[in-house]
Each structure stands twice: as C-alpha cells, then as structure tokens.
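Model, not experiment: these values are computed from the prediction.
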Amino acid sequence: MTSKERAALRGQANSLNVLFQVGKGGISENLIEETNDALKARELIKLRVLTETSPVSAREAAEEIASKTASEVVQVIGGVMVLYKYNPELHKKAAVKKAPAKKSVEKKKIYRAKKSPFEDKKGRDKRITGRSAAKDKR
C-alpha cells in the first residue's frame, strides 16, 4: 500500500465509529471472525484497544489481527486502530451501479436554459426601467 493510498484511507476512517474493542480477554477467535466478516462487508474498520485492561498494546493487537485476517494496518493512534482489506466484490457492484453521464448533463442544460422569465439574453433584469436602472448600473 502506498503512502497516498494510506492517507486517503486515514481520511475515510475519520468518520467511522469503533466497531470492536479488545479488552482484558485479549484477542479471541470470536473477535477475529467478527473482524473478518466486518472487513468483507466494509473493507475499512476501526477498532479500539482498552489500554488499561488489555494484555497487549494497540500496535501489537493491530499487527496480530491484521495477520490473522489477511488485512493491512492503516494507522494506530493511541488505543484506536484502523484496518483495511480489499474486497473485489464490493467494487464490482459499484461499477455496475454507475448511471450514464449523458442524462444528467442534458438535465443540467435544460435547467440552465430556463432561467428567470424576467431576464434578457445578457442576464439583466427586464423589470428595472427608468431612473432605477441607471442607479443600479453605477
């Protein structure tokens, strides 16, 4: 993973909520299974290590979970870690969902053509006449 990719993932992870916590029980098989399922569904997840009660540090927990789930550690700050695992199935669905761009462009053109009925070709308001129009031009 390049540093630019890692930076982009860190930016996306800012708005994520913590899904799982590593506590005094440490890293269990149940935690690994749940983490793996969440990575398949979301690709990017955030976990927390309760530093006061956990037998492992946040960095050690991140490395262990990443190796067991075949994911990558994006960042570890304090007791919070972010993991990423690419899922090609999610990207296939996203490619299919894209709508053709021409329809949205046509709608924009129609919208731009229908400005205010009081404007002339240059965008000036036709309703302003006489002395008030001269004052507005100053």
Side-chain angles (χ1 to χ4, degrees):
M1 178 182 306
T2 65
S3 62
K4 287 186 179 184
E5 292 171 340
R6 184 171 279 117
L9 290 172
R10 279 194 309 248
Q12 291 175 6
N14 282 336
S15 62
L16 294 178
N17 293 327
V18 175
L19 291 180
F20 304 110
Q21 292 182 350
V22 178
K24 65 180 179 182
I27 299 170
S28 64
E29 289 301 317
N30 187 26
L31 177 70
I32 298 296
E33 290 173 14
E34 293 291 326
T35 303
N36 204 16
D37 291 342
L39 283 167
K40 285 179 185 175
R42 301 181 183 201
E43 287 189 341
L44 187 67
I45 62 169
K46 190 183 281 190
L47 296 96
R48 173 169 286 141
V49 175
L50 302 175
T51 54
E52 296 143 5
T53 59
S54 177
V56 293
S57 69
R59 175 58 69 179
E60 293 169 349
E63 294 297 330
E64 185 177 345
I65 293 171
S67 66
K68 289 183 179 180
T69 60
S71 61
E72 295 186 47
V73 178
V74 176
Q75 76 177 15
V76 178
I77 296 178
V80 178
M81 65 183 110
V82 178
L83 300 177
Y84 173 77
K85 183 177 180 180
Y86 180 76
N87 186 358
E89 294 175 7
L90 293 178
H91 295 281
K92 287 179 185 176
K93 292 177 185 176
V96 172
K97 288 183 182 179
K98 288 184 181 178
K102 288 187 177 182
K103 290 183 180 178
S104 62
V105 172
E106 290 172 7
K107 288 181 183 177
K108 287 181 182 178
K109 287 181 182 177
I110 291 170
Y111 177 74
R112 288 181 187 154
K114 293 182 180 179
K115 289 188 177 181
S116 171
F118 300 108
E119 291 181 0
D120 61 1
K121 291 181 180 178
K122 294 183 180 178
R124 295 178 293 196
D125 195 347
K126 293 181 193 177
R127 295 177 289 179
I128 300 174
T129 57
R131 296 179 71 192
S132 63
K135 288 181 183 177
D136 290 342
K137 288 183 181 178
R138 289 186 206 167

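Taking CD of Gln12 as the reference point, atom CZ of Arg42 lies at 13.5 Å (rounded to 0.5 Å). Interatomic distance, Ile77 CD1 to Lys46 NZ, rounded to the nearest 0.5 Å: 8.5 Å.
Taken together through direct or relayed side-chain contacts under 4.5 Å among Ile, Leu, Val, Met, Phe, Trp and Tyr, Leu50 and Ile27 form parts of separate hydrophobic clusters. A single hydrophobic cluster is seen to contain both Phe20 and Ile32, as judged by linkage of ILVMFWY side chains at heavy-atom distances under 4.5 Å, directly or through other members.
Checking side-chain atoms of Ser67 against main-chain N and O of Glu64 turns up a donor-acceptor pair under 3.5 Å. Between the side chain of Asn87 and the main chain of Lys40, a donor-acceptor pair closer than 3.5 Å is present.
What you find for Ala58 and Val76 is that their closest heavy atoms are CB-CG1, 3.8 Å. The two atoms that bring Asn36 and Lys85 nearest to each other are OD1-NZ, 3.2 Å, heavy atoms only. Looking at every heavy atom in both residues, Gly79 comes nearest to Thr51 through CA-CG2, 4.1 Å. Taking every heavy atom of both residues into account, Val56 and Ala61 meet most closely at CG2-CB, 3.8 Å. Thr35 approaches Leu83 most closely through the heavy-atom pair CG2-CD1, 4.2 Å. The minimum heavy-atom distance between Pro55 and Gly23, with the atom names listed, is CD-O, 3.6 Å.
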Exercise. Go through the steps to decide whether Ile65 and Leu31 satisfy the test side chain to side chain contact (heavy atoms under 4.5 Å, CB included), and finish with yes or no.
Key: CA-CA 9 Å; Ile65 293 171; Leu31 177 70; 4.1 Å; yes

Exercise. Could you walk me through whether Gln75 and Arg6 pass side chain to side chain contact (heavy atoms under 4.5 Å, CB included), step by step?
Key: CA-CA 8 Å; Gln75 76 177 15; Arg6 184 171 279 117; over 6 Å; no

Exercise. Step by step, work out the side chain to side chain contact (heavy atoms under 4.5 Å, CB included) result for Leu19 and Leu47.
Key: CA-CA 6 Å; Leu19 291 180; Leu47 296 96; 5.8 Å; no

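In this structure, Arg10 has no salt bridge (Lys or Arg N to Asp or Glu O under 4.0 Å) partners at least two apart in sequence or on a different chain.
Listed by chain and number, the hydrophobic cluster partners of Val80 come to none, as no ILVMFWY side chain reaches under 4.5 Å of it. Hydrophobic cluster membership for Val82: Met1, Leu9, Leu16, Leu44, Val74, Tyr84, Tyr86 (Ile, Leu, Val, Met, Phe, Trp, Tyr linked by side-chain heavy atoms under 4.5 Å, directly or transitively).
Counting only heavy atoms from C-beta outward, the side chains of Val73 and Glu63 approach each other to under 4.5 Å.
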